[in-house]
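In the text below, chain A, chain B and the rest are named by the order of the sequence lines, each starting its count at 1.
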2 protein chains.
Amino acid sequence: MPESRTRRRGQDLLDAVYAAALDEAAASGPGRLTMDAIAKRAATARTTLYRRWSDPLDLLLDALAAHHPVEQPTPGADDLRGDLIASLRLMVDWGFSPAGRAVMALLADPARDPAVVTALFERVFDRRGGTFTQTVLRHYADRGAIDPARLTPVVLDIGEAMVAKRIMDTGTDPGDDYLAAVVDQAILPAAGVPHRDT
Amino acid sequence: MPESRTRRRGQDLLDAVYAAALDEAAASGPGRLTMDAIAKRAATARTTLYRRWSDPLDLLLDALAAHHPVEQPTPGADDLRGDLIASLRLMVDWGFSPAGRAVMALLADPARDPAVVTALFERVFDRRGGTFTQTVLRHYADRGAIDPARLTPVVLDIGEAMVAKRIMDTGTDPGDDYLAAVVDQAILPAAGVPHRDT
DNA sequence: ACGATAAGATACATGAATGTAGCTAAAACA
DNA sequence: TGTTTTAGCTACATTCATGTATCTTATCGT
């Protein structure tokens, strides 16, 4: 007999619903997210969803929050450039995940609800300590390789900004060449690290 | 007798429909754009819209294309820093226009149609010559104030990327302080212009 | 084994948007 | 002036999502 006789409950069901919500958001865009579609994709009844969430956005926020925290950059011993590139690679990978795409679309929505954005930052972003390149830059500043005074909010955000815009513009994976160019031509000069000609 | 007896045609009607489409896209987001809502806002009949466009997106693209080209940066004589800030100001103003918000949301949509993006670039962006800071940077490179070799695609895009991300993150106007910080701490160092301490 | 909990399924009324059709009459052109 | 074009209006069948109500029964805890 098929598992159709099995009935999911609790965490199992939650996981299935969250996965369905993220997939659906990635496929249709958060703006067109619908209880109906999530229910169908999760193979559950719409009524089950309404018992827990009031609308698709509420559900999506829970799904994003429940998503395991993103992998953190782990700066090595003495390779600032390489660690920066690696941290941008982590960001790219996240940006192409269903969760990443959903977040981008949520932030770019002209009709976005400020409360939703607040919830997004509190529940998803602030849980992570800092951004991708920020972790690396602070690490090397602590070790004296970078002048801490140069690490302003603007400088700490250069890598993330450039990668985000690149993803939005082309919709494709930037590739390591581009990430290296961002590090060499934008981040390192701004951080005051002398450019190393190869 | 009221103008309800007047009947718009041709360009007049087009202008009204385009304005309605942009307003509607700014209010509901391009993802939830609907023929119904555009027709109501433009005070015309839905059938009139269907005679010309097949769906709301098609209409919106025409509306964006028909929008008069954005104001261009006009670099002055000898104020690189000031001209860069001014060009970013132009970009911010555009980003907060209905057209700007619609474009951002279109690009960020995970379910975006590559053909739509292509059409967007061909019909809207490529018509403008270059981006905002790019115009200024090239101008001063031509006059010898910047090493042309430093003006890689990455460097030319730093300002736009940082402003775009800032708008997405906060949803508010960056303010001239922030724009100046972007110029001083990110663009100028990357362009190889020595930082001037005040 | 039993009882409480909650998932699953079905039904229903409602509202919104779709795409099409057909008609009337205003505006533009000859 | 008469003719062509096309905006404006109404109507309709269809589809989809909503939110609620009701009932059955699998699963869990004790």
Among [options], which nucleotide sits nearest the side chain of [X]?
X        : options                   : value
Pro56(A) : dG22(C), dT6(D), dT18(D)  : dT18(D)
Arg51(B) : dT20(D), dC9(D), dG19(C)  : dC9(D)
Tyr50(B) : dG19(C), dT10(C), dT18(D) : dG19(C)
Met35(B) : dA7(C), dT18(D), dT18(C)  : dT18(C)

In whole angstrom, give the distance that lies between atom [atom1] of [X] and atom [atom2] of [N].
X        : N       : atom1 : atom2 : result
Gln11(B) : dA27(C) : CD    : P     : 18 Å
Asp12(A) : dG8(C)  : CG    : P     : 11 Å
Leu49(A) : dT10(C) : CG    : P     : 16 Å
Arg46(B) : dA11(D) : CZ    : C1'   : 10 Å
Lys40(A) : dT15(D) : NZ    : P     : 13 Å
Asp36(B) : dT15(D) : CG    : C1'   : 14 Å
Arg7(B)  : dT5(D)  : CZ    : P     : 16 Å
Asp58(B) : dT18(C) : CG    : C1'   : 16 Å

For this session: Please evaluate the base of dA7(C) for a donor-acceptor partner in the side chain of Thr47(A) within a cut-off of under 3.5 Å?
Result: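 Counting by modelled atom types and ignoring angles, no donor-acceptor contact under 3.5 Å is found here.
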
Exercise. For the atom pair CD1 (Ile158(A)) and CD1 (Ile187(B)), what is the distance rounded to the nearest 0.5 Å?
Worked result: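 One finds 9.5 Å between CD1 of Ile158(A) and CD1 of Ile187(B).
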
Problem set entry | From Asp173(A) atom CG to Arg166(A) atom CZ, the distance as rounded to the nearest 0.5 Å |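 Going from CG on Asp173(A) over to CZ on Arg166(A), the span is 9.0 Å.
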
Exercise. Can any side-chain N or O of Glu160(A) pair as donor or acceptor with the backbone N or O of Thr133(A) at less than 3.5 Å?
Worked result: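 Indeed, once roles are kept as given, a pair shorter than 3.5 Å links the two residues.
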
For this session: Examine distances only and state if a side-chain atom of Thr118(A) and a backbone atom of Pro114(A) form a donor-acceptor pair shorter than 3.5 Å.
Result: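 Such a contact is found between Thr118(A) side chain and Pro114(A) backbone.
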
OP1 or OP2 of [N] versus the side-chain N and O atoms of [X]: is any pair under 4.0 Å?
X        : N       : value
Thr44(B) : dG8(D)  : yes
Arg8(A)  : dG8(C)  : yes
Thr6(A)  : dT27(D) : yes
Arg52(B) : dA7(D)  : yes
Thr34(A) : dC16(D) : no

For this session: Nearest-nucleotide wise, let me know which of Leu33(A) and Ala45(B) is further upstream toward the 5' end of DNA chain D.
Result: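 The residue mapped nearer the 5' terminus is Ala45(B).
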
Exercise. Are Tyr140(B) and Asp78(B) close enough that a side-chain donor and a side-chain acceptor fall under 3.5 Å?
Worked result: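 There is no such pair between these side chains.
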
